[in-house]
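Working notes, beginning with the structure itself.
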Amino acid sequence: MYDCDKDIRAFHRDEVTLPQAEQDSMRSRRDSNRTRLRNGLKKADKPAPLEFVKQGSYAMKTMLRHPDNDYDIDDGVYFKKSDLVGDRGAEMTSLQARQMVRDAVDDSSFKRAPEVRGNCVRIFYEKGYHVDVPVYRKVEDGGTTVYELASSGGWKRSDARDVTAWFDDARKMSADGGQLRRLVREIKKYARSRTSWSGSILSGFGITALVIECQRIDGREDRALHDTMKAIRDRLNGNLTVAHPVTPNDTITNGSDDPKARMFRDKLSQALDWLAPLFDADCSRKDALACWDNTYNTTYFSERGEDEARAATSYAAPIAASAALIGLESQTSAAVVSSTSRHA
């Protein structure tokens, strides 16, 4: 396989992972949002949160750079079950709990008002991204503590911290935890490389589960990426169901013939076809970079190759001129010596 290790690593750095400035901005807005929610609850004489817990790709650090700043930050808020009671003392429904959080966080400073969604409260920011706030309650059940999510179907046993712990454990057990995280980002980036695929392809959570299940760690980033893509495609050829990693008897996919999992499998097959020329004995660097451009629907790799060619030309020109000058000086010196010898 033609070696594009440095190119894939550069692509991940420049086009895939979030720059530090974006990470800092998100963290600042997350913290401001938490303060806004605490203040709003206090002002409305509502119960104070027990804690806030970041979750999803934000917690796992697998978020992707997005050209339109369309980022989804998940930041759960937790309450004691005994505190979540209505005006008449009855237990709050899951909808009432989400409405309480929506009302508390809406201080009229947003251009678009926060909205109650099926499993969270969504807060929109002008910069392009949004914060999803899932609402949980802490339940003491027979001496054990469990957590429940305020979902559209009522209170549902769930705790997103279990998913984060699952990912962290997988990363620690991997031969290269850093590469595992990069592979998740790189394959999610491929799944988001065409706007026409949006909403029709497997979720980032599903992709993360499959990368952990099928990872192929390698010292070369390009080979690890290709081989993991192939392993996932082959796995989905045998079974399209993706089990939920922490919820027993639950699945990420919808049934054994989930259309989003099927589309992801088919698009992986397409990527492997685009990358096939990398294994040709006569594959050139230009051809190899074009393969990765086709895969990621970009011109990044070819432009990188062109930049290298220009740099090489710029570097070679002074060397050639210097060599020519040295040659001329040598000829001149020889001529002087010869003339001196004739007149001696």
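Here Glu221 does not pair with Arg223 in a salt bridge; the nearest charged N to carboxylate O distance is not below 4.0 Å. Between Arg122 and Glu115 there is no salt bridge, since no side-chain nitrogen of the basic residue lies less than 4.0 Å from a carboxylate oxygen of the acidic one. Between Asp234 and Lys230 there is a salt bridge, since at least one side-chain N of the basic residue sits less than 4.0 Å from a carboxylate O of the acidic one. Taking 4.0 Å as the cut-off between side-chain N and carboxylate O, Arg262 and Asp257 count as a salt-bridged pair. Here Arg220 pairs with Asp3 in a salt bridge; the nearest charged N to carboxylate O distance falls below 4.0 Å. Salt-bridge annotation for Lys286 and Glu306: absent, with no side-chain N of the basic residue lying under 4.0 Å from a carboxylate O of the acidic one.
Looking only at atom types and distance, the side chain of Asp287 has a donor-acceptor partner in the side chain of Ser284 under 3.5 Å away. Side-chain atoms of Asp293 and Thr298 include no donor-acceptor pair closer than 3.5 Å.
Counting non-hydrogen atoms of other residues, nucleotides and ligands closer than 6.0 Å to CG of Asn254 gives a total of 12 or fewer.
For the pair Arg65 and Leu18, the tightest heavy-atom approach, listed with the atom from each and the gap, is CA-CD2, 3.8 Å. Contact record, Ile123 with Val133: CD1-CG2, 3.8 Å, taken as the closest heavy-atom pair. Residues Met263 and Ile201 come closest through the heavy atom pair SD-N, 4.0 Å. Scanning all heavy atoms of the two residues, the minimum distance from Thr228 to Cys214 falls at CG2-O, 4.1 Å. Across every non-hydrogen atom of Thr253 and Leu240, the tightest pair is CG2-O, 3.6 Å. When every heavy atom of Asp24 is checked against every heavy atom of Arg27, the shortest pair comes out as OD1-NH1, 3.0 Å.
No chain of hydrophobic side-chain contacts below 4.5 Å, direct or via other Ile, Leu, Val, Met, Phe, Trp or Tyr residues, connects Met173 to Leu210.
Taking the ring centroids of Tyr136 and Tyr147, they lie at or beyond the 6.0 Å cut-off. In summary, the aromatic rings of Tyr125 and Phe110 are positioned with their centroids under 6.0 Å apart.
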Do any side-chain atoms of residues 6-15 form donor-acceptor pairs under 3.5 angstrom with protein atoms, and if so which ones, sequence neighbours left out?
residue, atom, partner, partner atom, Å
Asp7, OD1, Arg285, NH2, 2.8
Asp7, OD1, Arg304, NE, 2.6
Asp7, OD2, Arg285, NH1, 3.1
Arg9, NE, Asp5, OD1, 3.0
Arg9, NE, Asp5, OD2, 3.4
Arg9, NH2, Gly219, O, 3.3
His12, NE2, Arg185, NH1, 3.0
Asp14, OD2, Tyr300, OH, 2.7

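Ring geometry for Trp197 against Tyr190 counts as perpendicular: the plane angle is over 60°, on a 0 to 90° scale with 30° as the lower cut.
The CG atom of Leu183 lies 12.5 Å from the CD1 atom of Ile207; values are rounded to the nearest 0.5 Å.
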